[in-house]
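To keep things clear, I will list the structure first and then write my remarks on it.
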Protein chains: 2
Amino acid sequence: MGEPRWLDAEEQKAWRAWLYSAQLLLDRLDRDLTHRTGISHAYYEILVALSEAPERMMRMSELADRCLSSRSRLSHAVSRLEERGWVRRQVYAEDGRGQLAVLTEEGFAALEGAAPIHVEGVRRELFDQLTPEQVEGMRALGETLLRHLDPDRVP
Amino acid sequence: MGEPRWLDAEEQKAWRAWLYSAQLLLDRLDRDLTHRTGISHAYYEILVALSEAPERMMRMSELADRCLSSRSRLSHAVSRLEERGWVRRQVYAEDGRGQLAVLTEEGFAALEGAAPIHVEGVRRELFDQLTPEQVEGMRALGETLLRHLDPDRVP
DNA sequence: CAAGCGTAGTTGAGCGTTGAACTATTCCGC
DNA sequence: GCGGAATAGTTCAACGCTCAACTACGCTTG
């Protein structure tokens, strides 16, 4: 094992600043969206992914990957979105095991209603606080980490 | 309301990179710690906070603030940590409404066991991927966001 | 074409979080 | 020092997530 490589004071500060800011930002955006639209950030991501897909439909497992979700979690989530009438399931003709999640018109309308609230939150809590240089730094940092955490997701 | 200030392509990229990297990193650290020590990141933060407090004890609400937790959430979490014998509750003499959460010796030992695993994860997934300049940029960005999200938490 | 393996997705139980309602105590103004 | 507001913390029910077990289908190899 060897002696743990403890963080020095500078690293501690950087880690704490990143951790707290990430948790607070994610939490605030989620709460804001949820309270003002009834749609959690997780559900919003599902609706966005479907709305951008050809014919507004996607395989369950593709959708799960895209939304950083386990299959089980996505399956539960889609069931709940189905109850709201925003998504419906449809068997995938080319592969009898597969299911397609399809965004309904009602689901698309719900997304259209939530999108301005969401983007306003991201502006207010994030971009309005940063200079263009900081935004560029944020993108570079994010992509560096992404290259390690999940290379396939890097643009 | 006015027209929403939609994100342009650069902003989209920056936002997605930040969002995915933050979610993946938090998720991976939490899973890694949980599977290797049986202690979730949330519980770990509680143990750390207590271990750093005078006499290893803190008021419930202070502890909740420190851990970015609601009072309800913390109350549940402390109950579960109590069941493990890692924390105990004690009435706060100076204020009959208050409760103190106290870290037990067993709790401290559990923390000592988990700390090397945790720091190794943070190194491997975060610091080892970054240059010193990027670490400094990460700290500055985090503190900028923190100044907006929760000014009292900025160093 | 059958056996076995891999893949897609669902289900159910258990745990953790949320938000609101609740109890108990202290603080404040009169 | 009394009545009402504020604060500290807990509890409950509803919801969401996790992990493991399960069903169903497809693919491969003999």
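Worth knowing before you read on, the calculation uses all heavy atoms, side chains too, and leaves out hydrogens, waters and symmetry mates. Since the structure is predicted, the reported quantities are computational estimates derived from the model, not experimental observations. Note on naming: letters A, B, ... go to the chains in the order of the sequence lines (proteins, then strands), and numbering restarts at 1 for each one.
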The nucleotide from D:dC17, C:dT18, D:dG9 with an atom nearest the side chain of A:A42 is D:dC17
Whole-Å distance, B:H41 NE2 to C:dG16 P, equals 16 Å
Exercise. Decide whether B:R89 and B:S79 meet the rule of one side-chain donor and one side-chain acceptor closer than 3.5 Å.
Key: yes
The residue, A:R71 or B:E94, whose nearest nucleotide of DNA chain C is more 5′ is A:R71
Rounded to whole Å, CG of B:L74 lies from P of D:dT11 at a distance of 13 Å
- May I ask you to evaluate whether B:S61 reaches the phosphate of D:dG9, defined as a side-chain N or O under 4.0 Å from OP1 or OP2? yes
- [ ] Examine the base of C:dG19 for any acceptor or donor lying under 3.5 Å from a partner atom in the side chain of A:H35, and report the outcome as yes or no.
- [x] no
Close side-chain approach of A:E45 and B:L19, heavy atoms under 4.5 Å = yes
Check whether the side chains of A:Y92 and A:R97 place a donor and an acceptor atom closer than 3.5 Å, and report yes or no. no
Carboxylate-amine/guanidinium contact B:E11 A:R123, below 4.0 Å: yes
Separation of C:dT18 atom P from A:D30 atom CG, nearest Å, is 9 Å
Side-chain contact check for B:M60: nearest option of D:dA13, C:dG6, D:dT10 is D:dT10
A:Q99 CD to D:dT23 C1', in whole Å, measures 13 Å
Whole-Å distance, A:E82 CD to C:dG9 C1', equals 13 Å
When only distance counts, do a donor and an acceptor, one from the side chain of B:R97 and one from the base of D:dT7, lie under 3.5 Å apart?
-> yes
Review point. For C:dT25, does either OP1 or OP2 sit under 4.0 Å from a side-chain N or O belonging to B:Y92?
Key: no
Picking from D:dT18, C:dG16, D:dG9, the nucleotide nearest the side-chain atoms of B:R89 would be D:dG9
Taken to the nearest whole Å, CG/B:D95 to C1'/C:dA24 is 11 Å
Here the distance between atom P of C:dT10 and atom CZ of A:R80, to the nearest Å, is 13 Å
Q. Base, sugar-phosphate, or nothing: which does A:S72 touch, judged by heavy atoms less than 4.0 Å apart?
A. base
Which of D:dG16, C:dT18, D:dG9 is nearest the side chain of B:R59? It is D:dG9
To the nearest angstrom, the CG-C1' distance between B:L68 and C:dT18 comes to 16 Å
Considering only heavy side-chain atoms of B:H76, the closest of D:dT10, C:dG19, C:dA24 is C:dG19
* To do: Ignoring hydrogens and angles, tell me if any N or O in the side chain of A:Q129 forms a donor-acceptor pair with the backbone of A:L126 under 3.5 Å.
  => no
